[in-house]
Amino acid sequence: MSMNTGLTRTPLRRFLDYAVLSVLAFVFALPAIYLLIGSLKPSGEVLNGLSGFLPTNLSFDNYTAVLDSLNSDSTGYFWRFMGISLLLAFVVVTGGLFVNSMAAYGLSRLKWRGQNAVFTLVLLLMLIPFESVAVPLFYMFNDQRNTLPILALPFIANAFSVYQFHTFFRTIPPSIEEAARIDGAGPWRTFFAIIVPMSKPAFASVAILTFLIQWGSFLWPVMMVSDPAVRPLPLEMSVFQVQLPPDWGQILAFGVLLVLPVLVVFAFFQRWFVQGVASSAVKG
């Protein structure tokens, strides 16, 4: 009797789950929808409350205005700001995937003296917010201000990324590495030929999260950049939006242009990212 009741309620529960999730997804998407619609409307119609969601008088004038206003030596070039941000993100993501995955492999799969103590230190580093070390870093690297390397190098090694890789590597059966060792593969070959191909979901997750953090980085560039020639895009947006009088249509168009690379990166990695989330849910 109870089994039949449970079976008849399952479709209803599933419907309610999807209904609640759909409503929540729509609520969370509202700011992005407002951003997109507002970027296509005249500035005077953007800040009109709920009527700002109405798709009226749409055009790409705000986008062309943003690109035209940042197209000279005096204002800087939009595509230069975008290129600097992309370069910094590329260096931090690729360097971080290499450095942090190797560190995690050494901490999770290799056996050496002091291994647990080092991993405990990595966990403790996760508890330290960047704001607490920003000022000491500023004084340490004050001579390298307004240079691109200093905007990227401090963020390549990341304790949270090491922890993410470490957690995933621990789920790989040791028998796979034992078989590789019998075939004559050393730690380096085992890592690059076996562990890395099996860990695409972990690499995708770390790449997306690292890109999001680096792309939206603001505090460190504010502290280290005073030369417009090395100004990343988020910092340029803060300069753009305080110009008077504020043109909210152009500001929202700038915001859309700032978000687009994030969507492209997620679309590229989403297949492996979803696999990683699904496998984590199953193992959990």
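Keep in mind that the numbers below use all heavy atoms, side chains included, and drop hydrogens, waters and symmetry copies.
Residue Ser39 comes nearest to Val256 through the heavy atom pair OG-CG2, 3.7 Å, listed as atom of the first residue, atom of the second, then distance. Here the shortest heavy-atom pairing between Leu257 and Met82 reads O-CE, 3.7 Å. Of all heavy-atom pairs between Met126 and Ala159, the closest is CG-CB, 3.7 Å. Taking each heavy atom of Pro221 and Leu235 in turn, the nearest pair found is O-CD2, 3.8 Å. Residues Glu236 and Arg231 come closest through the heavy atom pair OE1-NH1, 2.7 Å. The minimum heavy-atom distance between Ser43 and Asp247, with the atom names listed, is CB-OD1, 3.2 Å.
Separation of atoms CZ (Arg181) and OG1 (Thr190) is listed at 7.0 Å; rounding is to 0.5 Å. With values rounded to the nearest 0.5 angstrom, Gln250 atom CD is found 9.5 Å from Asp61 atom CG. Leu209 contributes atom CG, which lies 7.5 Å from atom OG of Ser161 (distance to the nearest 0.5 angstrom). Distance check: Phe90 CZ to Gln214 CD gives 13.0 Å after rounding to the nearest 0.5 Å. Distance check, rounded to the nearest 0.5 Å: CD1 of Ile150 to CZ of Phe141 gives 4.5 Å. For the atom pair CZ (Phe81) and OH (Tyr77), the distance works out to 10.0 Å, reported to the nearest 0.5 Å.
Checked against the 6.0 Å centroid criterion, the rings of Phe254 and Tyr63 do not qualify as a close aromatic pair. Taking the six-membered ring for Trp and the full ring otherwise, the centers of Phe168 and Phe203 sit at least 6.0 Å from each other. Ring pair Phe130/Phe155: centre-to-centre distance below 6.0 Å. For Phe165 and Tyr105, the ring centers are positioned 6.0 Å apart or more.
The shortest distance between side-chain heavy atoms of Trp215 and Leu86 falls below 4.5 Å. Looking only at side-chain heavy atoms (C-beta outward), Ile251 and Val46 stay at 4.5 Å or farther from each other. Contact of the Phe53 side chain with the Leu30 side chain is registered, since non-hydrogen atoms from C-beta on lie closer than 4.5 Å. Looking at Met102 and Trp188, their side chains come closer than 4.5 Å, going by heavy atoms from C-beta outward. Annotation: side chain of Phe78 is not in contact with side chain of Ser69 (no heavy-atom distance under 4.5 Å). Contact of the Trp220 side chain with the Leu137 side chain is registered, since non-hydrogen atoms from C-beta on lie closer than 4.5 Å. Ile172 places a side-chain heavy atom less than 4.5 Å from the side chain of Ser199. Between Glu45 and Pro42, the closest side-chain pair of non-hydrogen atoms falls below 4.5 Å.
Put simply, the side chain of Thr120 gets close to the backbone of Asn116: a donor and an acceptor are under 3.5 Å apart. In this structure, the side chain of Ser108 does not engage the main chain of Phe169 through any donor-acceptor pair within 3.5 Å. Within the 3.5 Å criterion, the main-chain N or O of Leu54 finds a donor-acceptor partner in the side chain of Lys41. Between the side chain of Asn158 and the backbone N or O of Gly96, no donor-acceptor pair lies under 3.5 Å.
Counting non-hydrogen atoms of neighbouring residues, nucleotides and ligands closer than 6.0 angstrom, the CH2 atom of Trp112 exceeds 12 such neighbours. Within 6.0 Å of CZ on Arg145 lie more than 12 heavy atoms contributed by other residues, nucleotides or ligands. A 6.0 Å sphere centred on OH of Tyr163 holds no more than 12 heavy atoms belonging to other residues, nucleotides or ligands.
When the options Lys111, Arg189, Arg109 are evaluated for a salt bridge (charged side-chain N to carboxylate O under 4.0 Å, His left out) with Glu177, the one that passes is Arg109.
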Could you walk me through whether Asn146 and Ser226 satisfy the side chain to side chain donor-acceptor pair (under 3.5 Å) test, starting with their C-alpha distance in whole Å, then the side-chain angles of each, then the deciding distance to 0.1 Å, before giving a yes or no?
CA-CA 6 Å; Asn146 294 314; Ser226 58; 3.0 Å; yes
Please report the C-alpha distance between Asn62 and Leu252 in whole Å, then the side-chain angles of each, then the deciding distance to 0.1 Å, and finally whether the side chain to side chain contact (heavy atoms under 4.5 Å, CB included) criterion is met.
CA-CA 8 Å; Asn62 291 324; Leu252 294 187; over 6 Å; no
Stepwise side chain to side chain contact (heavy atoms under 4.5 Å, CB included) check, Ile156 with Phe98
CA-CA 9 Å; Ile156 291 178; Phe98 181 76; over 6 Å; no
Residue pair Thr167, Gln164: steps toward the side chain to side chain contact (heavy atoms under 4.5 Å, CB included) verdict
CA-CA 5 Å; Thr167 303; Gln164 286 181 291; 5.9 Å; no
Could you check Val162 against Leu107 for side chain to side chain contact (heavy atoms under 4.5 Å, CB included), going step by step and ending with a plain yes or no?
CA-CA 9 Å; Val162 173; Leu107 289 170; 3.9 Å; yes
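Hydrophobic clustering of Ile, Leu, Val, Met, Phe, Trp and Tyr side chains at less than 4.5 Å, counting indirect connections, unites Leu151 with Leu219. Linking Ile, Leu, Val, Met, Phe, Trp and Tyr whenever their side-chain heavy atoms come within less than 4.5 Å puts Val118 and Leu110 in one cluster. Cluster annotation: Phe266 is connected to Leu212 through the hydrophobic network of ILVMFWY side chains, with a link wherever side-chain heavy atoms come within less than 4.5 Å. With hydrophobic clusters built from ILVMFWY side chains whose heavy atoms lie under 4.5 angstrom apart, Met223 shares a cluster with Tyr139. Linking Ile, Leu, Val, Met, Phe, Trp and Tyr residues whenever their side-chain heavy atoms come within less than 4.5 Å places Phe138 and Phe218 in a single cluster.
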